[in-house]
Colleague: 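Here it is, the structure, as structure tokens.
What you see is a predicted model; the values in this text were computed from it and never measured. Count residues from 1 along the sequence. One-based numbering, in listed order, for ligands and for the atoms of each.
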Amino acid sequence: MARVITHEAAADPADVLVTEAVREHAGALADAELPAYIHDLDALSRHAAGISSALPPRVELYYAAKANPAAEVLRTLAPHIHGIEVASGGELAHVRRALPDLPIAFGGPGKTDDELAAATDVHRLHVESEHELRRAAALARAHGRTVDVLLRANPPVDVPGGPAAVPLAMGGRPSPFGMDPGALDLCAQILADEPALRLRGIHAHLASGLGATALGSLAEHLLDWAAKWAARNRVDLHELDIGGGMAVDYGHPATHFDWPAYGRALAATAAHPDAPVLRIEPGRALTAYHGWYVTDVLDLKHSRGQAFAVVRGGTHHLRTPAARGHSQPLAVLPRHRWPHPWPRPAVRGEPVTFVGQLCTPKDVLASRLVLPGTLRIGDRVAFAMAGAYAWNISHRDFLMHPPPTFHYLPPRENHLDQAGSAT
Ligand SMILES: *Cc1c(COP(=O)(O)O)cnc(C)c1O
């Protein structure tokens, strides 16, 4: 179900899709440095500041590290967020090294004893099952610690439009994530007699890919349900973590999740007199927009009437389009050098499919795009929206091509400082 993106989707793709700093940096790289992942930390910082300022005071913003755990990204987000959500012992150790002072929430299914033992001092432990709760309690006791927990719920709350309407449904249907109400009740009973664990509230991350209106109404329903659950079990609901999943539309790169509208919806929910602290933990919507995978066109060919551009690298570096079945938005950065005595192959005004160097028909980055200009061998191509679930979800060793290089463009003040022209 790869979508066809024509140039109508973005009037001037190069301008919409690539920041000035990234364009400049991409142009200055040597061929041998391609493919390159380039992150614009200045733009990321401004994006995160905008999200943070759209949220009401009683809402805490955590970042789901699995979207992009690069230390440079984490440190750029740090001033704008309350904490980090991690989902493995590996992420836990990595985030502690990168940001020793930021609160950490540790969630995810299938935690091992070693992971639970390493997590006895996290800010919040998100518990996924009764068995996990009992093991966490035993390990907390063994370490002489009291662990603050949220119980992860799979509540009887409908995902707006139904689970089939979102790209990644994790609740609202049979799911390995979270617990049914009966299991939650049992956990509440266990916790009543367990001094090594302190129940702080409920966690529920139901789906990824929802718009602001849908997520806003989901928050209200979740609070309603969680407050009733807590009352029925005679426990205090201090906190409600309503997860991430804010939509990112790869077909419309300039259209972002409506954070101000979501912030207003959460403010209304948080205004309820007994409302707990609300917490959200977006991943994709925070970091997708500020990473680019830049490469160059190695070959252009026609096969039975269709044009193919073969780029250096491929889905072993940028698996996102293969994983989601979309065309990764891209902009062409033309190059003028052509060192060969024969004519330079080019395509113009016809659909082009961008593929990588892997020997598999699944190595497609974008299908049948009609570009606004000419594409030539040797041109550079910047695949946009590659800042989340991109490099870190990719099968990087398949075919043993060299890895990409990584570039983190610092916040603008630093550019000026280095140039000695700061005012
Ligand atoms: C993956 C995940 C997130 C982040 O989801 P996004 O769609 O990237 O916002 C948040 N919470 C949990 C529990 C997750 O598994």
Colleague: Out of D299, D379, D296, which residue meets the salt bridge (charged side-chain N to carboxylate O under 4.0 Å, His left out) rule with R312?
Modeller: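 When salt bridge (charged side-chain N to carboxylate O under 4.0 Å, His left out) is applied between R312 and each of D299, D379, D296, only D296 qualifies.
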Colleague: Would you say the side chain of W229 lies within less than 4.5 Å of the side chain of D185, judging by non-hydrogen atoms?
Modeller: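 Yes, at least one pair of side-chain atoms sits under 4.5 Å.
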Colleague: How about F257 and D249: do any of their side-chain heavy atoms sit closer than 4.5 Å?
Modeller: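 No, their side chains stay 4.5 Å or more apart.
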Colleague: Which of these, K66, H126, E281, has its nearest heavy atom closest to atom 2 (C) of ligand 1?
Modeller: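 Of the listed residues, K66 has the closest heavy atom.
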Colleague: Is there a heavy atom in G107 that sits closer than 4.0 Å to ligand 1?
Modeller: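 Outside the 4.0 Å threshold, so no.
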Colleague: Using a 4.0 Å cutoff against the non-hydrogen atoms of A64, which atoms of ligand 1 qualify?
Modeller: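 Here the atoms of ligand 1 in question are 3 (C), 4 (C), 10 (C).
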Colleague: Quick one: are the ring centres of H256 and H47 less than 6.0 Å apart?
Modeller: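 When the ring centroids of H256 and H47 are compared, they turn out to be within the sub-6.0 Å range.
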Colleague: Do the ring planes of H290 and W292 sit parallel (below 30°), tilted (30 to 60°) or perpendicular (above 60°)?
Modeller: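 Because their plane-to-plane angle is over 60°, the rings of H290 and W292 count as perpendicular.
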Colleague: Are A67 and ligand 1 in contact, using a heavy-atom cut-off of under 4.0 Å?
Modeller: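 No, A67 has no heavy atoms under 4.0 Å from ligand 1.
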Colleague: Number the atoms of ligand 1 from 1 as they appear, then name those within less than 4.0 Å of a heavy atom of Y389, with their elements.
Modeller: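 So the atoms of ligand 1 that pass are 1 (C), 4 (C), 5 (O), 6 (P), 8 (O).
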Colleague: Under 4.0 Å from any heavy atom of G244, which atoms of ligand 1 are there?
Modeller: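 What qualifies from ligand 1 is 9 (O), 10 (C).
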Colleague: Give the atom numbers and elements of ligand 1 that come within less than 4.0 Å of a heavy atom of S208.
Modeller: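 Listed by number with element, the hits are 5 (O), 6 (P), 7 (O).
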Colleague: If you count the atoms of ligand 1 from 1 in the order shown, which ones are under 4.0 Å from a heavy atom of G283?
Modeller: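 Here the atoms of ligand 1 in question are 4 (C), 6 (P), 8 (O), 9 (O).
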Colleague: I need the atoms of ligand 1 closer than 4.0 Å to a non-hydrogen atom of R284, numbered in the order shown.
Modeller: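 Checking each atom against R284, I get 6 (P), 8 (O), 9 (O).
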Colleague: Under 4.0 Å from any heavy atom of P282, which atoms of ligand 1 are there?
Modeller: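 Taking each heavy atom of P282 in turn, ligand 1 has 9 (O) under 4.0 Å.
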Colleague: Describe, in one word, how the ring planes of H326 and Y250 are oriented to each other, choosing from parallel (under 30°), tilted (30 to 60°) and perpendicular (over 60°).
Modeller: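 Ring orientation, 0 to 90° scale: tilted.
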Colleague: As an exercise, identify every atom of ligand 1 less than 4.0 angstrom from a heavy atom of E85.
Modeller: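 Per the distance check, 12 (C), 13 (C).
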Colleague: Tell me which one of L17, L318, V294 satisfies side-chain contact (heavy atoms from CB on, under 4.5 Å) with F383.
Modeller: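 By the side-chain contact (heavy atoms from CB on, under 4.5 Å) criterion, F383 pairs with just one of L17, L318, V294: L318.
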Colleague: With rounding to the nearest 0.5 Å, note down the distance linking CG in D241 to CZ in R124.
Modeller: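 D241 atom CG to R124 atom CZ measures 10.0 Å (nearest 0.5 Å).
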Colleague: Would you say H203 touches ligand 1, if touching means a heavy atom closer than 4.0 Å?
Modeller: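 Contact present.
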